[in-house]
Amino acid sequence: MRLSRYFMPILRETPREAEIVSHRLMLRAGLIRQQAAGSFAWLPLGLRVLDKINRIIREEQNRSGAIELLMPTIQSADLWRESGRYEAYGKEMLRIKDRHERDMLYGPTNEEMITDIFRAYVRSYKELPLNLYHIQWKFRDEVRPRFGVMRSREFLMKDAYSFDLDQAGARHSYNKMFVAYLRTFARLGLKSIPMRADTGPIGGDLSHEFIILASTGESEVFCHKDYLGFDTPPADTDFDDVAGLQAIVDRWTSLYAATSEMHDASAFESIPADRRMSARGIEVGHIFYFGTKYSAPMKATVMGPDGQEHEVHMGSYGIGPTRLVAALIEASHDENGIIWPEAAAPFDVALLNLKAGDGATDAACADLYTALQAAGFDVLYDDRDERPGAKFATADLIGIPWQVVAGPKSLAEGKVELKRRATGERELLPLGDVVARLRA
RNA sequence: CGGGGCGUAGCGCAGUCUGGUAGCGCAUCUGCUUUGGGAGCAGAGGGUCGCUGGUUCAAAUCCGGCCGCCCCGACCA
């Protein structure tokens, strides 16, 4: 993409409304624009990041056996009356009437609707297990939206819903998502730690929040330091291996880890002092098992091998992609701007033409641009007629992992400079070596 | 929902206390010079001062009502 033809409205100064670093940087780098309290337009650069995140989420959901569909944002109140939540859900639910005065709502979540879809088609235990997910906009009318997309009213959510014949099956479904989440966050360059979460009236141990560590995180977390060294389950993990998955989950839940709400000081104190870690974190995922909470009132049943109808055991599993964008920035930035992990970066390489308009420099950049694209890299080519300083500042701000800097000075020797955004390391290398170096 | 704060040019701000014809920086446009860490000079354009009543000869400024946004707390992915 040629920057001169792109739409990337960066801000030199920080808008007043932004307090936390991710919000400031998202506005400055032209990722989002606020349209109302807790409601944001995703500008081209931000949308690229969101798409990258969604792609990884999809790959890992699919790998675990979950199946994607897409449900509407506007739902009928009738379904929610069936589950009893139309009355139970508070003012966070945005209630709407259509032209016929029918009660509608903008979905804050989709348990009722997915249960309706399930019960309409699934009759037999032989069709289980089943896990259906979608990535769809949600709306929760928060009393006080804040921190940009970290806590907005409209937000994107990947929500998956599992259906099983019994609790043992549901546990395995839960474990699949548990492992898929570990892999998803790891691929985004994040260290996530599953922490026991409140299971509400259901009880049991099947609810975890996935927390990533960031010094500016919203909540205080306490955990055993050894989690930092745990390996991520590999790509070839067998999701049908019940015992194997359980072993992974057991390991990842074997040590103490809790947010302040679930914190047990005495349990924490029993960890050797040098293994204790208290830090700040951001919740990026939440999974839980809730049994027959919806299948019972909504009569979602299947015929079991015993010839009896069984209410299915369900679980739901959420990740907030829009919130993840902010979380990535909170976890990775410096005073100059964003530092994207390669997997989520809007572009792979920023190509800086330090003297646009100069024949030799333009020609060298054009060649590099073509070669990098041919090699499969997403390249943002800064071909604007700007001073070098402005280009460096822009590239640092938007956080593209690699900068290829081409100016008359180095080109005179047939070389360009390669800078790694994360570390600031620079190296001079011959024009022809750039593609190979980036591939390494 | 309780407490606090802020609405003046695209962005960041001054001006409000003490009423008197709306200003600064950045950005934008034109021209020239410049080109390895947010350039210089010269010129230009851009504002119903959030909205609405009122007081006054006169309101960004004083008074009332409303709207929007932000921060802290309670609540949440």
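Lettering of chains follows the sequences in order, A, B, ..., and the numbering in each one begins at 1. Just so it is clear, the structure is predicted and the values come from calculations on it, not from any experiment.
- Taking atom P on both B:G19 and B:A60, the two are 13 Å apart, rounded to the nearest angstrom.
- Remark: A:R384 is not in phosphate contact with B:U35, judged by side-chain N or O atoms under 4.0 Å from OP1 or OP2.
- Taking atom C1' in both B:A27 and B:A39, one finds a spacing of 15 Å when rounded to whole Å.
- Taking atom CG of residue A:D385 and atom C1' of nucleotide B:C29, one finds them 15 Å apart after rounding to whole Å.
- Taking atom C1' in both B:G45 and B:C26, the straight-line distance is 16 Å, to the nearest Å.
- Out of B:C11, B:G36, B:C6, the shortest distance to the side chain of A:F392 is found at B:G36.
- Note on A:K419: a base of the nucleic acid sits closer than 4.0 angstrom, heavy atoms only.
- Annotation: cation-pi pair A:R95/A:Y86 present, NZ/CZ under 6.0 Å from the ring centroid and within 45° of its normal.
- If you check every strand for non-hydrogen atoms under 4.0 Å, A:G407 touches a base.
- Here B:G37 presents its P atom at 14 Å from CD of A:Q403, a figure rounded to the nearest Å.
- B:C11 sits 23 Å from B:C72 when the P atoms are compared, rounded to a whole Å.
- Remark: the separation of the C1' atoms in B:C6 and B:C13 is 13 Å, to the nearest Å.
- Note on A:S410: a base of the nucleic acid sits closer than 4.0 angstrom, heavy atoms only.
- When rounded to the nearest whole Å, the span between CZ of A:R24 and P of B:C71 equals 12 Å.
- Contacts of A:L354 with the nucleic acid, taken as non-hydrogen atoms under 4.0 Å apart, include base atoms.
- Ranking B:C71, B:C69, B:G12 by closeness to the A:A36 side chain, first place goes to B:C69.
- Between the side chain of A:T14 and the base of B:G12, no donor-acceptor pair of N or O atoms lies under 3.5 Å.
- Atom CD of A:E17 and atom C1' of B:G12 are 12 Å apart (whole Å).
- Closest contact between the side chain of A:V143 and the listed nucleotides B:A74, B:C26, B:G36 involves B:A74.
- Nucleotide B:U34: unpaired (no Watson-Crick or G-U wobble partner with both distances less than 3.5 Å).
- We find that CE of A:M8 is positioned 16 Å from C1' of B:C11, with the value rounded to whole Å.
- Within the 3.5 Å criterion, the main-chain N or O of A:P233 finds a donor-acceptor partner in the side chain of A:R183.
- To the nearest angstrom, P of B:C75 lies 15 Å from CZ of A:F147.
- Within the nucleic acid shown, A:R140 comes within 4.0 Å of at least one base atom, counting heavy atoms only.
- Under 3.5 Å, the side chain of A:R151 and the base of B:C75 form at least one donor-acceptor pair of N or O atoms.
- A:E283 has no carboxylate O lying under 4.0 Å from a charged side-chain N of A:R323, or vice versa, which leaves the two without a salt bridge.
- The nearest whole Å value for the distance from the NZ atom in A:K391 to the C1' atom in B:G37 is 13 Å.
- For the pair A:R251 and A:F230, the cation-pi test (distance below 6.0 Å, angle within 45°) is passed.
- Between the CZ atom of A:R323 and the P atom of B:C76 there is a distance of 13 Å, given to the nearest Å.
- Distances shown here put every side-chain N or O of A:R387 at or beyond 4.0 Å from the OP1 or OP2 atom of B:U35.
- Checking B:A77, B:G37, B:C71 against every side-chain atom of A:E19, the shortest atom distance belongs to B:C71.
- B:C17 and B:U61 are spaced 9 Å apart, taking the C1' atom of each and rounding to whole Å.
- By the 30° and 60° cut-offs, the orientation of the rings of A:Y256 relative to A:F268 is tilted.
- In this structure, A:R144 reaches the B:C72 phosphate: one of its side-chain N or O atoms is under 4.0 Å from OP1 or OP2.
- In this structure, A:L213 and A:A279 approach most closely via the heavy-atom pair CD2-CB, 4.3 Å.
- The residue among A:Q34 and A:E154 whose nearest nucleotide of RNA chain B lies closer to the 5′ end is A:Q34.
- Taking 3.5 Å as the limit, the base of B:G37 and the side chain of A:R426 contain a donor-acceptor pair of atoms between them.
- Within 4.0 Å (heavy atoms only), A:S152 reaches at least one base atom of the nucleic acid.
- A cation-pi arrangement is absent between A:R140 and A:F155 under the rule of less than 6.0 angstrom and at most 45 degrees off the ring axis.
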